[in-house]
A.B. asks: 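Next up is a structure, given as structure tokens.
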Amino acid sequence: MSAYRLFIYDHCPYCVKARMIFGLKNQTLENVTLLNDDEKTPVSMIGQKMVPILEKENGKFMPESLDIIKYIDSKHSPEQVVWEEDSALMETLHQARVDYYSLVMPRWVRSNMEEFKTESARNYFQNKKEQMIGSFSSALEQTETFKKNISPILESLDQQLPSSGEWYKGDQISLNDFHLFAFLRGLTIVKNLSFPKVLQKYAERTAQKTNVPLSTDIAC
């Protein structure tokens, strides 16, 4: 039995961030995917419906992706994560928000991800998220527009990456990498959406180092 269990949705960027630290630390992890309409399980653990939730060695539960990252990083030496956020990166990701969710949300719910394996789970997600971005079918019809809008965002991110080093700030992973990779991983579900060369290599390398695969195999 693994030392840790992490309750997740596969699509969830916050869950991606939490998953990353276990791969970096070479820690055995059991990912438990909840159905998207399962409110009872997370509420019984932490009093509200949210993921990720870490079940620690003592059986207690911890929510919040950044808290989970900090806990695992501090528990398994050496500590690796530089606890800083780059304002330019955060602003770029914020600018992409509307186009990002319009591209990924309608595709997530159509995928074969475990959290959407029942009709009720799919309906639960769609009903909630359409209140945020509007009709999923309309968003899908506007795919090319959203791709065009997000292209300069990807170019900007590509230019923000350093010319040397493996991480956003160079040689050491920081919170920036958790935010950036979660963002990029989400977009890999969009079929025929190309990343600039440096950004593509960064996404592939980070997926390998963190043991969190990209979604290219289920792109649609």
Side-chain angles (χ1 to χ4, degrees), residues 1-36 42 45 50-57 61-85 89 93 100 104 107-108 111-117 157 161-162 165-191 193 195 197-220:
M1 183 175 180
S2 62
Y4 300 105
R5 289 206 299 171
L6 191 66
F7 295 82
I8 65 166
Y9 305 138
D10 189 11
H11 75 275
C12 169
Y14 299 101
C15 298
V16 170
K17 295 176 190 181
R19 292 165 64 184
M20 290 170 68
I21 191 65
F22 294 92
L24 286 167
K25 294 288 186 173
N26 294 314
Q27 292 299 304
T28 303
L29 175 67
E30 177 187 358
N31 287 309
V32 181
T33 306
L34 301 178
L35 286 171
N36 198 257
M45 295 173 177
M50 66 179 293
V51 288
I53 303 170
L54 173 65
E55 182 178 359
K56 299 192 292 186
E57 308 92 320
F61 297 104
M62 171 183 284
E64 300 289 355
S65 58
L66 298 188
D67 289 344
I68 293 169
I69 292 168
K70 182 174 286 188
Y71 173 76
I72 297 300
D73 189 42
S74 63
K75 192 171 181 64
H76 299 283
S77 298
E79 292 190 28
Q80 294 176 265
V81 181
V82 177
W83 210 255
E84 66 175 35
E85 295 176 336
L89 173 64
L93 297 181
Y100 176 83
V104 300
R107 289 170 169 83
W108 283 339
S111 73
N112 62 355
M113 292 177 175
E114 284 292 308
E115 60 263 37
F116 301 126
K117 69 180 181 181
L157 291 170
L161 287 169
E166 298 184 339
W167 303 108
Y168 181 79
K169 285 291 188 180
D171 293 329
Q172 192 167 5
I173 189 169
S174 67
L175 283 185
N176 300 295
D177 297 289
F178 291 87
H179 298 318
L180 178 56
F181 178 72
F183 174 86
L184 296 175
R185 197 256 190 177
L187 285 174
T188 60
I189 201 171
V190 183
K191 192 172 183 180
L193 177 64
F195 292 170
K197 186 176 180 180
V198 174
L199 202 63
Q200 179 67 36
K201 288 183 176 180
Y202 171 89
E204 292 172 353
R205 183 173 62 244
T206 306
Q208 184 176 26
K209 285 183 169 293
T210 61
N211 198 31
V212 181
L214 301 176
S215 298
T216 47
D217 289 348
I218 58 172
C220 59

A.B. asks: State, yes or no, whether a side-chain contact exists between Val82 and Tyr168 at a heavy-atom distance under 4.5 Å.
C.D. replies: no
A.B. asks: Would you call Glu204-Lys201 a salt bridge at under 4.0 Å N-O?
C.D. replies: no
A.B. asks: Can you name the closest pair of heavy atoms from Thr188 and Ser215 and give their distance?
C.D. replies: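 In this case the closest contact between Thr188 and Ser215 is OG1-N, 2.8 Å.
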A.B. asks: Just so I know, are the side chains of Ile69 and Met20 near enough to count as touching, which here means a heavy-atom distance under 4.5 Å?
C.D. replies: no
A.B. asks: Show the numbers, then the answer: is there a side chain to side chain contact (heavy atoms under 4.5 Å, CB included) between Ile21 and Phe178?
C.D. replies: CA-CA 9 Å; Ile21 191 65; Phe178 291 87; 4.2 Å; yes
A.B. asks: What's the shortest heavy-atom distance between Val16 and Ala182, and which atoms?
C.D. replies: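 For Val16 versus Ala182, the nearest heavy atoms are CG1-CA, 3.9 Å.
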A.B. asks: Determine the minimum heavy-atom distance between Gly23 and Asn211, stating which atoms define it.
C.D. replies: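 The answer is CA-CB, 4.3 Å.
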A.B. asks: Cys15 and Val51: which non-hydrogen atoms are nearest, and at how many Å?
C.D. replies: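 Distance-wise, the nearest heavy atoms are SG-CG2, 3.6 Å.
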A.B. asks: Are any of the side-chain heavy atoms of Leu175 and Trp83 separated by less than 4.5 Å?
C.D. replies: yes
A.B. asks: Please examine the side chains of Tyr202 and Leu157, heavy atoms only from C-beta on, and report whether any two atoms are closer than 4.5 Å.
C.D. replies: no
A.B. asks: Can you name the residues that form a salt bridge (charged side-chain N to carboxylate O under 4.0 Å, His left out) with Glu85, not counting sequence neighbours?
C.D. replies: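 Counting only residues at least two positions away or on another chain, Glu85 forms no salt bridge (charged side-chain N to carboxylate O under 4.0 Å, His left out).
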A.B. asks: Any chance you could measure Thr206, atom OG1, to Asp177, atom CG, to the nearest 0.5 Å?
C.D. replies: 6.5 Å
A.B. asks: Is a donor on one side and an acceptor on the other found under 3.5 Å between the side chain of Arg5 and the backbone of Glu30?
C.D. replies: no
A.B. asks: Measuring from atom CZ of Phe181 to atom CH2 of Trp167, what distance do you get when rounded to the nearest 0.5 angstrom?
C.D. replies: 9.0 Å
A.B. asks: Nearest 0.5 Å, please: how far is CE in Met50 from OH in Tyr14?
C.D. replies: 9.0 Å
A.B. asks: Please name all residues satisfying salt bridge (charged side-chain N to carboxylate O under 4.0 Å, His left out) with Asp10, sequence neighbours left out, ordered by chain then number.
C.D. replies: Arg19, Arg185
A.B. asks: With sequence neighbours excluded, tell me which residues meet ring-ring contact (aromatic ring centres under 6.0 Å, His included) with Tyr9.
C.D. replies: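 If we apply the ring-ring contact (aromatic ring centres under 6.0 Å, His included) test to Tyr9, skipping adjacent residues, the hits are His11.
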A.B. asks: What are the two closest non-hydrogen atoms of Tyr71 and Ser74, and how far apart are they?
C.D. replies: O-OG, 3.0 Å
A.B. asks: Please examine the side chains of Ile53 and Glu55, heavy atoms only from C-beta on, and report whether any two atoms are closer than 4.5 Å.
C.D. replies: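 Sidechains of Ile53 and Glu55: no contact.
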A.B. asks: Taking only residues two or more places apart in sequence or in another chain, which ones pass salt bridge (charged side-chain N to carboxylate O under 4.0 Å, His left out) with Lys191?
C.D. replies: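 Residues passing salt bridge (charged side-chain N to carboxylate O under 4.0 Å, His left out) with Lys191: none at all.
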A.B. asks: Nearest 0.5 angstrom please: Gln172 CD to Gln80 CD, how far?
C.D. replies: 8.0 Å
A.B. asks: Are Met113 and Ile189 close enough, and set up right, to give a side chain to side chain contact (heavy atoms under 4.5 Å, CB included), and what steps lead you there?
C.D. replies: CA-CA 11 Å; Met113 292 177 175; Ile189 201 171; 4.1 Å; yes
A.B. asks: Using the rule given for side chain to side chain contact (heavy atoms under 4.5 Å, CB included), can you reason through Phe22 versus Leu54, listing the C-alpha separation, both sets of side-chain angles and the distance that settles it, and then say yes or no?
C.D. replies: CA-CA 11 Å; Phe22 294 92; Leu54 173 65; 3.8 Å; yes
A.B. asks: Could you list all the salt bridge (Lys or Arg N to Asp or Glu O under 4.0 Å) pairs where at least one residue sits in residues 68-82, not counting sequence neighbours?
C.D. replies: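 Listed once each, the pairs are Lys25-Asp73, Glu57-Lys75.
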A.B. asks: Less than 4.5 Å apart, side chain to side chain, heavy atoms only: is that true for Leu187 and Phe195?
C.D. replies: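 When only atoms from C-beta onward are counted, Phe195 and Leu187 do touch, with a gap below 4.5 Å.
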A.B. asks: Report the distance from atom CG of Asn112 to atom NZ of Lys117, rounding to the nearest 0.5 Å.
C.D. replies: 11.5 Å
A.B. asks: Can you name the salt bridge (charged side-chain N to carboxylate O under 4.0 Å, His left out) partners of Glu84, sequence neighbours left out?
C.D. replies: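 By the salt bridge (charged side-chain N to carboxylate O under 4.0 Å, His left out) rule, Glu84 matches no residue at all.
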A.B. asks: Indicate the atoms forming the closest heavy-atom contact of Ser174 with Asn176, along with that distance.
C.D. replies: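 Distance-wise, the nearest heavy atoms are OG-ND2, 2.8 Å.
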A.B. asks: I need the Lys197 NZ to Leu161 CG distance, nearest 0.5 Å.
C.D. replies: 14.0 Å
A.B. asks: So do Ile68 and Tyr4 actually touch side chain to side chain, heavy atoms under 4.5 Å?
C.D. replies: no
